[in-house]
Amino acid sequence: LNSCARLLQSCRTHQSIFQGRQIHLVLLKRGVVSVVFFANCLLQMYSNCGRLIDARHLFDEMPQRNEFSWNSLIEGCLKSRDNGTALEIFSSMPCRNIFSWNAVITGFAKCGDLDIARRLFNEMPVRNMTAWNSMIHGYIQHGRPNEALSLFKKLNLDPAESARVDNFVLTTIIGACANLEALDYGKQIHARIIVSDVEFDSVLCSSLINMYGKCRDLDSAACILNWMTEPDEFSLSALISGYASCGRWIEARRLFHRSRSPSLVLWNSMISSCVHNGQGEDTLELFNKMRVDRTSADASTFASMLSACASLGVLENGKQVHAHAYKVGMVYDKIVASTVIDMYCKCGSSENACKFFGELKEYDTILLNSMINAYSNCGRIEEARWIFDAMPCRS
RNA sequence: GUGACCCUGGAUCGC
């Protein structure tokens, strides 16, 4: 039974619903589905697999529920982007615990409904660092760094709260410094980490390296990497990008070759650095080496490759990369799709862009912007106009 | 098997 519970927790994708259902049957046979613990595991499984109706049904049938049950249902809604229902369930809960509050706050903060998130945050009776961090992180991710920093200041106003600031919050703030290239403030936070007893875990270290790299203070970045006993691929890749962005290719390459078979993360940072440097030829070469190495590409790799083809204006290579992305089922990623469109336009084949657009069923604003461009290039002004009018949000 | 199970942070990617 224990392993059933563990297996249920590993069902986290739409595909694992089959396994989940089998375990549900096993639990039914054992007659334990009405035990809250097992019912909760099932509920969580259905929520994680995106089966909200099944989850809801199970929930309604449960003879007993606890906060966990409600929270699983809420998380299921949030995961399926049904925030309205999530909030409704949250409001109708008989009693909420800290997880309930954090779940809705992070759910709304993540998708940019920051004012709702903030309202909930303000209403929250007792906040922990998770709540603070979700809120701060939400502001940063949605382009409101000043509000993030002012919330962080508020957090530090209360000495008791300030003392509880953890690696998560500090990593988030360091990330903000990286985005804003705020080296001085970043250094202050770094100093605070040293004097406080916060542990330098791998995530915090890589974000510090990233921050110094973005601020072009490569010596400090390298210093941290050298202090680490076993730097992970994210730290290495942050430093590689830092070196490359300053044109220090020798150091970048040396880091890249430190591991005999570089991981996808390292390949991506090298490839994208080449693209940003306008070294399109090198990019294509790197990509070939990567394939020889049998490292499979992800959406970022394809986006970089396509944008390299676009800036070189090499249609044939672009088509090859497009075909490759198609073969591995990556063209329907929104970012890859819009780079495909952009690539065709810049390679002078807007017709191909239009053709490809016809195969898509999901778009976002950026992708549609590229399409306006494509249609205009073909002289299909009516269609360009039509997309513009149909756009849900224009910028 | 019930002080169990649930929440937050890092590299690279598009107009």
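Note that the structure is a prediction, hence the values are computed from the model and not measured. The sequence lines fix the lettering, A, B, ..., with proteins before strands; numbering per chain opens at 1.
One P atom belongs to B/G1, the other to B/C5, and the distance between them is 12 Å to the nearest Å. Only the C1' atoms considered, B/G10 is 23 Å distant from B/C6, to the nearest whole Å.
For the pair A/F68 and B/C5, the ring geometry qualifies as stacking, because the centroid separation is below 5.5 Å while the planes lie within an angle under 30°. Once the 5.5 Å centre distance and the 30° plane angle are applied, the aromatic ring of A/F168 is found stacked with the base of B/U8.
No contact: A/F302 has no heavy atom under 4.0 Å from any strand. Using a 4.0 Å heavy-atom criterion, one finds that A/D166 contacts no nucleic acid atom at all. Nucleic acid contact class of A/V340 (heavy atoms, under 4.0 Å, all strands): none. Nucleic acid contact for A/S72: none, since no nucleic acid atom lies under 4.0 Å from a heavy atom of the residue. At a threshold of 4.0 angstrom between heavy atoms, the contacts of A/D298 with the nucleic acid are absent. Looking at heavy-atom distances under 4.0 Å, A/S207 makes contact with sugar-phosphate atoms alone, never a base. Here A/D201 lies in heavy-atom contact (under 4.0 Å) with a base. When heavy atoms are screened at a 4.0 angstrom cut-off, A/S307 is found touching no nucleic acid atom at all. When heavy atoms are screened at a 4.0 angstrom cut-off, A/N167 is found touching base atoms of the nucleic acid. Residue contacts for A/I341: at a heavy-atom cut-off of 4.0 Å it reaches no nucleic acid atom on any strand shown. A/A299 comes within 4.0 angstrom of no nucleic acid atom, judged by non-hydrogen atoms across all strands. Contact annotation for A/L306: no contact, since no heavy-atom pair falls under 4.0 Å across all strands.
Look at A/N210 and you'll find a side-chain N or O under 4.0 angstrom from OP1 or OP2 of B/A11. OP1 and OP2 of B/U8 both lie 4.0 Å or more from every side-chain N or O belonging to A/N102. OP1 or OP2 of B/U12 has at least one side-chain nitrogen or oxygen of A/K214 nearer than 4.0 Å. The phosphate of B/U12 (OP1 or OP2) has no side-chain N or O of A/H276 nearer than 4.0 angstrom.
Closest approach to the A/N268 side chain among B/G10, B/C15, B/U12 is made by B/U12 (side chain taken as heavy atoms from C-beta onward). For A/V265, counting side-chain heavy atoms from C-beta on, the closest listed nucleotide (B/A4, B/A11, B/U12) is B/A11. Comparing atom distances between the A/N2 side chain and each of B/G10, B/G1, B/G14 picks out B/G1 as nearest. With B/G9, B/G1, B/C5 as the candidates, the nucleotide lying closest to the side chain of A/Q9 is B/C5. Looking at the side chain of A/V32, the nearest of the listed nucleotides B/G10, B/G1, B/C15 is B/G1. With B/A11, B/U2, B/C15 as the candidates, the nucleotide lying closest to the side chain of A/N369 is B/C15.
Side-chain to base pairing of A/T172 with B/G9: no donor and acceptor N or O lie closer than 3.5 Å to each other. Looking at A/T339, its side chain has no donor and acceptor atom pair within 3.5 Å of the base of B/G14.
Atoms CG and CZ, on A/L266 and A/F234 in that order, are 9.5 Å from each other to the nearest 0.5 Å. Here the NZ atom belonging to A/K110 is positioned 11.5 Å from the CG atom belonging to A/N83, to the nearest 0.5 angstrom. Atom CG of A/D115 sits about 5.0 Å away from atom CZ of A/R144, to the nearest 0.5 Å. To the nearest 0.5 Å, atom CZ of residue A/R30 and atom SG of residue A/C4 are 6.5 Å apart.
The distance between atom CZ of A/R12 and atom P of B/C7, rounded to the nearest whole Å, is 7 Å. As a whole-Å value, the separation of A/N128 CG from B/C6 C1' is 13 Å. Nucleotide B/U8 holds its C1' atom 7 Å from the NZ atom of A/K110, rounded to whole Å. Taking atom NE2 of A/H137 as the reference point, atom C1' of B/C7 lies 14 Å away to the nearest angstrom. Atom CE of A/M124 and atom P of B/C7 are 14 Å apart (whole Å). With rounding to whole Å, A/L204 atom CG is found 14 Å from B/U8 atom C1'. To the nearest angstrom, P of B/C15 lies 15 Å from CE of A/M371. If you take CG of A/N40 and C1' of B/U2, they are 11 Å apart, rounded to a whole angstrom.
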query = Please walk me through it: do A/F302 and A/I335 pass side chain to side chain contact (heavy atoms under 4.5 Å, CB included)?
reply = CA-CA 9 Å; A/F302 283 114; A/I335 294 177; over 6 Å; no
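Ion pair A/E251/A/R248 flagged as a salt bridge, since at least one NZ, NE, NH1 or NH2 atom sits closer than 4.0 Å to an Asp/Glu carboxylate oxygen. Ion pairing between A/E285 and A/K289 holds under the 4.0 Å rule for side-chain N and carboxylate O.
Ring-plane geometry between A/H322 and A/Y344 is classed as perpendicular, the angle between the planes exceeding 60 degrees on a 0 to 90 degree scale with a lower cut at 30.
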